[in-house]
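Notes to accompany the following structure.
Just so we're on the same page: letters track the sequence lines, and every chain starts at 1.
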2 protein chains.
Amino acid sequence: MIQKLIANIRKTNAPIVVGLDPMMGFIPEHITKKAFDQCGETLEGAAEAVWQYNKEIVDAIYDLIPAVKPQIAMYEQFGIPGLMAFKKTVDYCKEKGLVVIGDVKRGDIGSTSAAYATAHLGKVKVGNQVLTPFGEDFATVNPYLGTDGIKPFIDVCKEEKKGLFILVKTSNPSSGEFQDRIVDGKPLYELVGEKVAEWADSCMGEDYSYIGAVVGATYPEMGKVLRKVMPKSFILVPGYGAQGGKAADLVHYFNEDGLGAIVNSSRGIIAAYKQEKYAAFGPENFAGASRQAVIDMIEDINGALQSR
Amino acid sequence: MIQKLIANIRKTNAPIVVGLDPMMGFIPEHITKKAFDQCGETLEGAAEAVWQYNKEIVDAIYDLIPAVKPQIAMYEQFGIPGLMAFKKTVDYCKEKGLVVIGDVKRGDIGSTSAAYATAHLGKVKVGNQVLTPFGEDFATVNPYLGTDGIKPFIDVCKEEKKGLFILVKTSNPSSGEFQDRIVDGKPLYELVGEKVAEWADSCMGEDYSYIGAVVGATYPEMGKVLRKVMPKSFILVPGYGAQGGKAADLVHYFNEDGLGAIVNSSRGIIAAYKQEKYAAFGPENFAGASRQAVIDMIEDINGALQSR
């Protein structure tokens, strides 16, 4: 799957990923109204609105981008119907040729981690049948529980040719509370980064490993260090745009070959029509605004990469 | 909800929680066969088997115990139908008067953590309706992302009178890889424990806070320290039985009042019929074996508490 991600990035010349993190407040009223007319003001109605909103955005942008990253929490909040919309979104994006990164941040131990890995990246045996529960291509995982928590995910990735992005340094203001604490003269995130590099070494595609890392755009100095600590890992970079990360800060997350990082934007793309810059599109053409925002983001990042 | 947990513990005189973590290999063949006959060898069939298995166990033990802890990964691996079985299990246990601890180990930042908190402990607004997505009473959460990740959960707990168990020191062999690293002369888990104590202080029920912690039974010396670091927090203790934790080791997880900890057993109870000790019950009476295993576990732990 790392090879498909790289191929998609080369084809689109766009080292970006769009976060499909639908909040009710982002969805234009005409979509919500139609969904509520059809299913009532129910979890099913909310899920239908989410799905129609996602579909229209994906239809408008899929040819420009290599990958999407649906954040499962935004679906889980609508219970079972919400998770059905998540699954529909995953399937639809895969049909469109996109790589799907399930932003699930799961993490547990032993058989429980194995069950999460099965759920999101693997297949489950039921009687004599082998079935696919959710079927994303990559998943984000939390390293706090150590190797026991990560290894079952790696096993499934090896079997299924899928991949991981392991949280190393997150983009939020308080990420330093634990992640930046100094251990043996180094911050904890660097120690986690070293572990990721170790895991990555045993999971190589061609030039890159299918074990990647999450490093927030909001900490560019740390990104620069972590790029060197994990030379073979793709870095998934949240925090561009809405959270304050700038393209010029992100060039050091990439390797010399122009690869090695994939920058995420969620609300900056999917709710672009709400920004003054794209207001002319109007809520009816929210997907057109998303397309323009994708074009602008690619130009912004590629511009920074070219002038480094 | 912490008051209900304490009331349930007092009523049953059983500081334990049963982990409803169904694996296909635990479920007796007669149940699986019936479910497959009805729904085929499908995710629906697996989910039906899980649900019937859970229901029979809960019916056999609900009067003896204060709480259950379904591990969502075990349901997520069966996709949407699996999650429907999770929801049915949560609802059924609540009907039976049990406190339900959703072992979901979620953790993210800002609006995403808020969405997870809504999903598992809160209510979601859809149009003019206010709906309950999953509706557990407590949830387990991962602290690696810091206060930004925890605060949205705490906000929902305050609003809904629910509670959390935050991972401090997990029961697995490699939990020390990051959790035990020394920061300013103290292990990281202690630092996390201090944060939990701080959060707990602002979330008091009567004598106990509704912000608790997870500390594995397999590290009794650390449990002793963490008990003092977090005096007002309930400690959820995994790792008893199958993972090697012994009752005598667990007495220091409790306060002098006999409260403050709740010891989990999963496969030791739900798959008791597979142990030599309970083999006489046979697969047909697997639930009877679970009931006897609950009685034995309560006696084991109360015995250790009385002789301390």
Side-chain angles (χ1 to χ4, degrees), chain A residues 21 23-24 36 41-43 45-46 71 73-74 76-80 82-84 87 105-113 115-116 118-119 124-129 131 133-134 142-149 167 170-179 181-184 188 191-192 195, chain B residues 21 23-24 36 41-43 45-46 71 73-74 76-80 82-84 87 105-113 115-116 118-119 124-129 131 133-134 142-149 167 170-179 181-184 188 191-192 195:
Chain A
D21 308 354
M23 311 238 277
M24 278 314 256
F36 288 175
E41 291 181 347
T42 58
L43 296 176
Q71 166 52 257
M74 297 303 172
E76 225 167 289
Q77 69 180 326
F78 300 114
I80 302 290
L83 288 160
M84 292 170 83
K87 172 79 173 120
K105 295 193 181 68
R106 300 301 191 250
D108 209 289
I109 59 175
S111 57
T112 313
S113 262
Y116 277 133
T118 297
V124 68
K125 204 160 178 284
V126 177
N128 293 308
Q129 303 301 311
L131 305 166
F134 284 100
N142 186 310
Y144 186 66
L145 292 92
T147 301
D148 305 328
L167 302 188
T170 57
S171 58
N172 53 311
S174 78
S175 68
E177 224 165 70
F178 305 124
Q179 297 166 24
R181 301 308 293 258
I182 302 297
V183 174
D184 293 344
L188 178 64
L191 206 84
V192 177
K195 268 284 170 200
Chain B
D21 308 356
M23 313 239 276
M24 278 314 254
F36 288 175
E41 291 181 347
T42 58
L43 297 175
Q71 167 51 259
M74 296 303 171
E76 226 168 286
Q77 69 180 328
F78 300 114
I80 302 289
L83 288 160
M84 291 170 83
K87 172 78 173 121
K105 295 193 181 66
R106 300 301 192 249
D108 208 290
I109 60 174
S111 57
T112 313
S113 262
Y116 277 133
T118 297
V124 66
K125 206 163 177 280
V126 176
N128 293 308
Q129 303 301 312
L131 306 166
F134 285 99
N142 187 308
Y144 187 65
L145 292 91
T147 301
D148 306 328
L167 303 188
T170 56
S171 59
N172 53 313
S174 78
S175 69
E177 224 164 70
F178 304 125
Q179 297 166 24
R181 301 308 294 256
I182 302 297
V183 173
D184 294 344
L188 178 63
L191 207 84
V192 176
K195 268 284 170 199

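- The part of B:V124 that comes within reach of chain A is its side chain, from C-beta onward, which places non-hydrogen atoms under 4.5 angstrom from that chain.
- Counting heavy-atom pairs under 4.5 Å between each of A:G110, A:G146, A:A119, A:S174 and chain B puts A:S174 at the top.
- Of the two parts of B:T170, only the side chain, counted from C-beta on, holds a non-hydrogen atom closer than 4.5 Å to a non-hydrogen atom of chain A.
- Looking at B:F36, only its side chain comes within 4.5 Å of chain A, counting heavy atoms on both sides.
- Proximity to chain A (any heavy atom under 4.5 Å) is shown, for B:L43, by both the backbone and the side chain.
- Within the 4.5 angstrom heavy-atom criterion, only side-chain atoms of A:F134, from C-beta onward, approach chain B.
- In this structure, the separation between OG1 on B:T147 and CZ on A:F178 is 6.5 Å, given to the nearest 0.5 Å.
- Of the two parts of B:Y116, the backbone and the side chain both hold a non-hydrogen atom closer than 4.5 Å to a non-hydrogen atom of chain A.
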Pair A:T42, B:V126 - check side-chain contact (heavy atoms from CB on, under 4.5 Å), show working. CA-CA 6 Å; A:T42 58; B:V126 176; 5.9 Å; no
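- Looking at B:L145, the atoms closer than 4.5 Å to chain A (heavy atoms on both sides) sit in the backbone and in the side chain alike.
- For B:N142, the part lying near chain A is the side chain, with the backbone staying farther off; criterion is any non-hydrogen pair under 4.5 Å.
- Here the closest non-hydrogen pair linking B:G79 and A:P133 is N-CB, 3.7 Å.
- Between chain B and the residues A:K87, A:M74, A:Q129, A:E177, the largest count of heavy-atom pairs under 4.5 Å involves A:E177.
- Note: B:A73 leads B:A73, B:S111, B:G127 in heavy-atom pairs under 4.5 Å with chain A.
- A:D108 pairs by the salt bridge (Lys or Arg N to Asp or Glu O under 4.0 Å) definition with B:K105, not counting sequence neighbours.
- Ranked by heavy-atom pairs under 4.5 Å with chain B, the list A:L83, A:L167, A:D184, A:T112 is led by A:T112.
- Between chain B and the options A:L188, A:N172, A:I182, the largest number of non-hydrogen pairs under 4.5 Å is found for A:N172.
- A donor-acceptor pair under 3.5 Å links the side-chain atoms of B:E41 to the main chain of A:N128, judged by distance alone.
- With respect to chain B, the highest number of heavy-atom pairs below 4.5 Å among A:S171, A:G149, A:P173 belongs to A:P173.
- Neither the backbone nor the side chain of B:S113 comes within contact range of chain A; no heavy atoms are under 4.5 Å apart.
- Highest contact tally toward chain A, considering only B:I109, B:I80, B:D148, is held by B:D148 [criterion: heavy-atom pairs under 4.5 Å].
- Annotation: maximal heavy-atom pairing with chain B below 4.5 Å, among A:P143, A:G176, A:G82, occurs at A:P143.
- Only the side chain of B:Q71 comes within contact range of chain A, with at least one heavy atom under 4.5 Å from a heavy atom of that chain.
- Of the listed residues (B:Q179, B:M24, B:M84), the one with the most heavy-atom contacts under 4.5 Å to chain A is B:Q179.
- Neither the backbone nor the side chain of B:D21 comes within contact range of chain A; no heavy atoms are under 4.5 Å apart.
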